[in-house]
Amino acid sequence: MDKRITTNICFVNANCCNVARRDLNYRNILNDAEIVLPDGIGLQFAGQLLNSSKIFNSNGTDLFPHLCAAINGTGKRLYLLGGHIGVAEQVKQWLEINFPKVKVCGFHHGYFSLTENARVIAAIREAKPDLLIVAMGVPYQEKWLATYGTTTGASVLMGVGGLFDFYSERIPRAPYWMRQRGMEWLYRLLQEPRRLWRRYLIGNLSFLFRVLWTVIISSKFFKQPESNS
């Protein structure tokens, strides 16, 4: 019998908002998720402009070690799915060094075909994970989890984007001082300008424009004046 899926955790940054704006399926998945956490300085800034409650940067890369500390020694089983060939295994090795009592019950790279899908899902089910961590990029990872998550038997599903690349050290993270100042996006842009320039330059500006437009149309400037009669 399958375990009951209790939690689907999604992380949303400015790029995710841009993707969700044009991808209804992805947007519906986010709306249906039990937990949606804000990721990045863009969401924090948007929250301030929209007079929302205080929004903290809850990106998966920073949250991951806290999650591992919470399950370390509890017997909870963790499955790692995603990344290039060999990357998930390197994340497992990082866990063995830093959280040796976290039970990694299996791992698999994210570059499998649709014809291999059933085999991968069967391997996950056989491993009996409590937590399934998927690093296959937005929105593919969320769509994969929405379609197949309930068949894996995992109790908690979490899409984490490029997290495996950082903990495998395939891609170095920004220095701590840059992360503290909300500049990690700039560091990533400098690392891979040809791949990321559109996401971070055009995408961030597009997101900011929509936030500002929302502020403008909700302001008193567009409200009808009250009648004196």
Side-chain angles (χ1 to χ4, degrees), residues 7-13 15-16 19 26 29 33 35-40 57-72 76-113 116-117 119-121 123-124 127 129-149 152 154-176 178-179 184-185 187-192 195-196 199-200:
T7 307
N8 181 24
I9 303 174
C10 298
F11 296 90
V12 172
N13 57 26
N15 178 62
C16 296
V19 174
Y26 174 54
I29 290 170
I35 299 177
V36 178
L37 297 173
D39 174 0
N57 185 352
S58 305
N59 69 79
T61 308
D62 289 336
L63 181 64
F64 186 61
H66 296 287
L67 172 64
C68 294
I71 66 173
N72 198 37
K76 297 295 184 183
R77 300 164 67 84
L78 180 66
Y79 196 101
L80 306 170
L81 176 65
H84 288 275
I85 295 174
V87 169
E89 184 176 5
Q90 290 173 330
V91 177
K92 178 179 182 293
Q93 294 169 358
W94 179 89
L95 284 165
E96 290 171 346
I97 294 171
N98 293 275
F99 299 97
K101 294 184 179 180
V102 169
K103 175 63 176 178
V104 179
C105 61
F107 58 86
H108 196 284
H109 65 81
Y111 286 81
F112 53 91
S113 66
E116 299 173 292
N117 216 25
R119 178 178 58 80
V120 172
I121 293 170
I124 297 173
D130 297 289
L131 295 88
L132 174 59
I133 310 296
V134 179
M136 296 194 292
V138 171
Y140 183 80
Q141 64 193 13
E142 286 79 14
K143 292 182 177 181
W144 191 91
L145 284 170
T147 304
Y148 305 108
T152 66
S155 299
V156 177
L157 310 173
M158 182 184 297
V160 295
L163 181 148
F164 288 7
D165 287 332
F166 296 126
Y167 284 98
S168 67
E169 298 185 350
R170 193 179 83 87
I171 296 177
R173 283 199 78 185
Y176 181 74
M178 292 188 76
R179 302 202 302 268
E184 188 165 17
W185 68 271
Y187 187 83
R188 292 289 293 118
L189 176 60
L190 293 174
Q191 283 179 313
E192 301 182 81
R195 186 174 77 87
L196 298 176
R199 176 191 302 182
Y200 286 128

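On a predicted model such as this, the values are computed, not experimentally measured, just so you know.
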Problem set entry | Pairing residues for Tyr187 by the side chain to side chain contact (heavy atoms under 4.5 Å, CB included) criterion, not counting sequence neighbours |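 Only Pro172, Ala174, Pro175, Met178, Gln191 meet the side chain to side chain contact (heavy atoms under 4.5 Å, CB included) criterion with Tyr187.
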
Exercise. Among all residues two or more places apart in sequence or in another chain, which pass the side chain to side chain contact (heavy atoms under 4.5 Å, CB included) test with Leu132?
Worked result: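 Per chain and number, Leu132 pairs via side chain to side chain contact (heavy atoms under 4.5 Å, CB included) with Tyr79, Leu81, Ile124, Val134, Trp144, Leu145, Thr152, Ala154, Leu157.
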
Please list, chain by chain and in numerical order, all residues satisfying side chain to side chain donor-acceptor pair (under 3.5 Å) with [X], sequence neighbours excluded.
X      : answer
Asn72  : none
Lys101 : none
Tyr148 : Asn117
Lys92  : Glu96

Taking ring pair (Phe, Tyr, Trp, His ring centres under 6.0 Å) as the definition, give me every residue that meets it alongside [X], ordered by chain and number, with sequence neighbours left out.
X      : value
His108 : Phe112
Trp185 : none
Phe99  : Trp94
Phe166 : none

For this session: Identify, with sequence neighbours excluded, every residue that meets salt bridge (Lys or Arg N to Asp or Glu O under 4.0 Å) alongside Arg173.
Result: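 Arg173 satisfies salt bridge (Lys or Arg N to Asp or Glu O under 4.0 Å) with Asp62, Glu184 only.
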
For this session: Please identify each residue that fulfils salt bridge (Lys or Arg N to Asp or Glu O under 4.0 Å) with Glu169, with sequence neighbours left out.
Result: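 Result, salt bridge (Lys or Arg N to Asp or Glu O under 4.0 Å) vs Glu169: none returned.
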
